[in-house]
Structures are given as C-alpha cells and as structure tokens.
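Report on one structure; see the data block that follows.
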Amino acid sequence: MDLRERARACADAIAERLATPDGARSLRHCQGWWPQSLAHGAVGVALLHIERARTDQGPWQRAHDWLACAAAEPTVGGIDSHLYYGAPALAFALHAAADRPGRYARALNTLDQRVTATTRDRLVSAHARMDRGEMPTLAEFDAIRGLSGMGALLLHRDAHTDLLREVLAYLVRLTEPVKHDGELLPGWWSHLAPSGHASPDYPHGHANNGVAHGIGGPLALLSLATCRGITVEGHNDAITRILAWLDQWQQDGPAGPWWPYWITREQLRSGRPGPGPSRPSWCYGTAGFARTQQLAALATNAPARQRMAEGALLGSMTDTGQLQATVDLSLCHGFAGLTHITQLVAAEAITPGLTECLPRLLAPIIDTAPGALAASLLDPPGGGDIGLLEGAAGTALALHSFQTGMPSASGWDTSFLIN
C-alpha cells in the first residue's frame with residue numbers, strides 16, 4: 001500500500017474501535033469519562049465521525065450517536081466551560097455536523113445563547129482586571145480555556161461577528177505593554193507559572209509564548225480574523241507587537257530559528273532564554289510558532305516573515321534531534337500534530353521541501369499495523385485517551401486529512417487556531 005492507503009487503513013481501524021459510545025465506555029480512560037470534552041471525550045470522537053461522514057468515509061449514524069452521548073447530561077456552561085469543554089465544545093461540534101442549512105439549528109441557538117453569555121462575562125472580567133492593573137491568568141486569554149479559544153469558535157460559527165469583534169478588541173488591549181514594579185512588561189505577562197498556578201519556581205511569573213497557553217493563540221486568532229476581513233481598531237498594531245516580542249526572543253540554532261516556550265523575569269532582564277529547542281510541537285514548539293507566524297505573514301502581506309516561518313518549520317522537521325524529542329502520536333505534541341501542521345503550511349508555502357517531510361513524520365504512526373496502532377492508542381498500558389487533543393480521535397483525524405489531501409470538510413482543525 002502507498003502512504004495514503006496506509007493512512008486510511010490506520011484511520012479506519014481507530015474509527016472502528018470508536019464506532020459507538022457503548023463500545024468505548026469499556027476502555028480504560030486515562031483522563032476519565034468526560035462526554036462534553038473536546039480534548040478527551042465524546043465531543044472529540046464525534047468530530048472524527050463527522051469529518052468521515054462529510055467526506056463519505058463513514059456513516060452519519062456514528063456521528064449522531066457520539067453527539068447524543070455528549071449531550072445526554074445537562075450542558076456545562078459559565079465559568080467552567082470553554083472551547084474544549086461544555087457548551088462551547090458542543091456548539092463547535094454541532095456546527096461542524098451542520099452540513100445543510102437548518103440542521104441542528106434549535107440546539108445551536110440554545111448553545112449560542114450560553115456561549116454568548118459566558119463570553120461577555122469573561123470579557124467584563126478581563127477588562128475589569130486590566131482596569132485594576134492586575135496580571136492575567138493564562139486561562140483568561142489562551143486557546144484552550146480562554147478568550148482566544150472562544151474567539152476561534154465565534155470565527156468558526158461565522159454568525160456572531162459583533163461578539164467576535166469584542167474578543168478581538170480585548171486581545172488588542174491585552175497586547176499593550178504594562179508597567180509592574182517599575183519594569184515594562186507585555187500585557188499578557190502572567191503572575192503564575194506555566195502550569196497556571198502560583199509556584200515558588202516562578203516568583204515573578206512569566207510571559208508564555210505557546211499557541212496552546214500563550215500569546216501564540218491570540219496572534220493566530222488576530223491573523224485568521226484579518227484573513228477573513230474582520231478587524232478592529234488597533235488590530236494590526238497588536239499583531240505587530242506580538243511579532244516584535246517573538247522576534248526579540250527568536251533563537252538561531254543549527255537547524256534554524258526556534259522560540260523559547262516562555263520567558264521568566266530573570267530571562268527578561270538578562271536577555272537570555274533557557275536552553276532549546278525542545279520538541280517541535282503544536283502546543284509550544286516550532287511547528288506551532290511557524291504556522292502562527294505564517295498565518296500572520298499571510299494576513300499582513302509579509303513574504304520575508306513567511307519564508308522565515310516556513311524555513312523554521314522545514315528545519316525542525318528535518319532535525320533528528322528535535323524529532324527524537326517527540327515521543328507520542330497526538331495532535332497536541334506528537335507526530336499527528338507535526339504531520340497536520342506541515343501539510344497545512346506546505347499548502348500555502350513559498351518555500352519548497354515541506355511536503356517531502358511528510359513520509360518521515362507519518363512513519364511513527366503508520367509503520368504499525370492498523371489494528372496494533374488502534375490498540376496502542378486505546379488499550380493499556382500506553383493508551384486510554386479517546387479524544388481530540390492528546391487521544392486517538394485526533395490522531396485519526398490527522399491521518400484522514402493526509403489521506404484525503406483536502407482541507408477539512410468540517411473545520412475540525414480550526415479548534416487549534418491553525419486553519
């Protein structure tokens with residue numbers, strides 16, 4: 001079999017193991033059973049079957065069964081909900097499943113009301129926090145739990161542009177520099193550790209650079225919105241400020257540019273980050289930084305930055321040391337994520353050579369027999385996560401996208417702010 005046929009066989013095997021919620025309940029769930037979780041639960045599996053159904057590679061009934069599982073209990077809203085959990089996650093999946101006008105309209109309207117209320121509450125809290133001169137938590141603004149993730153949903157839904165503009169205006173304000181203890185800091189500097197909690201190891205907090213939990217998420221949303229023609233006052237200035245920060249901390253290694261995961265106050269003062277590069281993942285690594293900066297370059301018509309970003313990805317995807325630091329198959333920080341991002345970047349690249357990286361990135365996934373791959377992802381001792389972010393559904397979706405060679409039919413990858 002060629003690469004695409006092997007990728008399809010592996011995706012098929014995973015989808016068969018996740019055919020029904022009843023069948024999946026018997027698995028050992030290392031993250032627990034969270035039906036309303038896009039990251040680890042039923043919503044993520046529903047996305048897999050939605051994408052397969054929309055490309056005529058699986059039955060719609062499986063998607064419906066998983067959506068029903070996710071919606072079986074009262075929907076989580078309010079402060080506990082975000083793009084990857086609760087009402088926003090369900091809204092994201094239902095929108096992906098709405099392959100014709102009017103489908104799921106009533107349910108989406110109900111969920112939209114909850115998403116709107118939650119987003120407005122968060123915006124009020126964020127602006128009040130800034131008015132008080134306090135530092136943000138990562139969960140206020142990041143792509144997973146924060147307002148960048150909610151903005152990704154609003155952009156994906158394409159039905160609530162006014163609210164999306166409010167999120168974008170907040171992100172513009174977030175990028176404005178602030179003064180703390182006599183030092184000028186970026187507005188997203190958090191008083192917490194990268195874990196999201198206070199830690200004696202980070203007595204003065206840090207500036208998080210990653211796409212999942214740092215300023216990479218806001219940069220991606222601002223850039224994607226620009227490409228869609230949705231901007232607010234100060235929009236381009238915000239993009240420029242973030243890029244200037246990333247340029248300040250760009251490091252040049254033997255394989256090309258890389259960026260530190262975060263910057264502490266001591267590193268800010270010394271101008272020297274920690275060692276690197278580490279694994280080139282979506283969440284914190286060069287793959288995420290490269291795609292985000294490529295999107296920013298496309299949004300601002302900056303071919304020099306685009307070539308730099310694409311060159312950074314090419315370097316990291318051909319660097320044995322960085323690839324050896326990648327030890328799992330997930331979308332978040334594994335080979336599925338590297339494969340999918342490289343495919344997306346290559347589709348818009350002005351730099352040659354990226355497509356040629358795909359066989360090497362796919363090998364750790366598809367060089368295993370399909371049944372054995374599904375077992376390794378879903379069975380003890382190593383498996384047990386069914387979801388999108390770090391689990392089997394996400395790996396299968398990356399394989400499906402490679403096999404089709406087409407843009408996502410459902411828009412599942414917009415939840416990563418990479419498309």
Gly214 to Pro218 - nearest heavy-atom pair and separation: O-CD, 3.1 Å

Nearest-0.5 Å distance that lies between atom CG in Leu27 and atom CZ in Arg17: 5.5 Å

Test: Arg291 and Glu348 ion pair at under 4.0 Å: yes

Spacing of CZ belonging to Arg279 relative to CG belonging to Leu323, to within rounding of 0.5 Å: 13.0 Å

Side-chain (His29) to main-chain (Ala24) donor-acceptor, under 3.5 angstrom: yes

Ring center gap for His400 and Trp412 short of 6.0 angstrom: no

Derivation of the side-chain contact (heavy atoms from CB on, under 4.5 Å) call for Leu298 and Ser223: CA-CA 8 Å; Leu298 292 169; Ser223 300; over 6 Å; no

Arg228 versus Leu155, closest heavy-atom pair with distance: NH2-O, 3.0 Å

Side chain proximity check, Asp328 to Glu390, heavy atoms < 4.5 angstrom: no

Phe289 and Leu219, any side-chain heavy atoms less than 4.5 Å apart: no

Ring-ring centroid check Tyr284 Trp262, cutoff 6.0 Å: yes

From CG (Leu90) to OH (Tyr85), nearest 0.5 Å: 9.5 Å

Phe416 and Ile341: CA distance, side-chain angles, deciding distance, side-chain contact (heavy atoms from CB on, under 4.5 Å) verdict: CA-CA 10 Å; Phe416 288 84; Ile341 289 174; over 6 Å; no

Main-chain N/O of Pro136 paired with Ser190 side-chain donor or acceptor, under 3.5 Å: yes

4.5 Å side-chain heavy-atom contact, Ile50 and Trp66: no

Between Trp188 and Phe141, ring centroids under 6.0 Å: no

His64 and His49, any side-chain heavy atoms less than 4.5 Å apart: no

Inter-residue atom distance Leu399.CG - Leu373.CG, 0.5 Å rounding: 7.0 Å

Arg52 and Thr404: side chain donor to acceptor below 3.5 Å: no

Thr231 backbone acceptor or donor facing Arg165 side chain under 3.5 Å: yes

Sidechain-backbone polar pair: Arg28 side chain, Gly383 backbone, donor-acceptor under 3.5 Å: yes

side-chain contact (heavy atoms from CB on, under 4.5 Å) between Leu388 and Ser415, intermediate numbers included: CA-CA 10 Å; Leu388 179 73; Ser415 63; 3.7 Å; yes

Minimum heavy-atom distance Ala143-Leu83, with the two atoms named: O-CD2, 3.9 Å

Side-chain donor/acceptor of Gln113 to backbone N/O of Thr110, under 3.5 Å: no

Short side-chain to backbone donor-acceptor contact, Arg265 and Gly205, under 3.5 Å: no

CD1 (Ile79) with more than 12 external heavy atoms under 6.0 Å: no

Trp34, CH2 atom: more than 12 neighbouring heavy atoms under 6.0 Å: no

Shortest non-hydrogen separation from Leu67 to Ala97 and the atoms involved: CD1-CB, 4.0 Å

NE2-OG1 distance between His235 and Thr175, expressed to the nearest 0.5 angstrom: 10.0 Å

Flag, side chain of Glu140 to backbone of Leu147, donor-acceptor distance under 3.5 Å: no

Sidechain-backbone polar pair: Gln36 side chain, Val76 backbone, donor-acceptor under 3.5 Å: yes

Validation row: Leu138, Leu192 side chains within 4.5 angstrom (heavy atoms): no

More than 12 heavy atoms of other groups within 6.0 Å of Arg129 CZ: yes

Side-chain donor-acceptor contact under 3.5 Å, Gln403 with Gln57: yes

Side-chain heavy atoms of Leu222 within contact of Ile242, under 4.5 Å: yes

Full working for side chain to side chain donor-acceptor pair (under 3.5 Å) between Arg54 and Ser410: CA-CA 7 Å; Arg54 291 191 68 148; Ser410 65; over 6 Å; no

Nearest heavy-atom neighbours spanning Ile239 and Ala296: CG2-CB, 4.4 Å

Heavy-atom closest contact (Ser281 atom, His333 atom, distance): CB-CA, 3.5 Å

Pairwise side-chain contact, Leu38 with Leu389, heavy-atom cut-off 4.5 Å (strictly under): no

Donor-acceptor pair, side chain of Thr395 and main chain of Leu329, under 3.5 angstrom: yes

Pairwise side-chain contact, Tyr84 with Arg145, heavy-atom cut-off 4.5 Å (strictly under): no

Separation of Gln293 CD from Leu243 CG (nearest 0.5 Å): 6.0 Å

Backbone N/O of Thr351 and side chain of Glu310: donor-acceptor pair under 3.5 Å: yes

Test log, rule side-chain contact (heavy atoms from CB on, under 4.5 Å), inputs Leu362 and Phe335: CA-CA 7 Å; Leu362 283 162; Phe335 284 101; over 6 Å; no

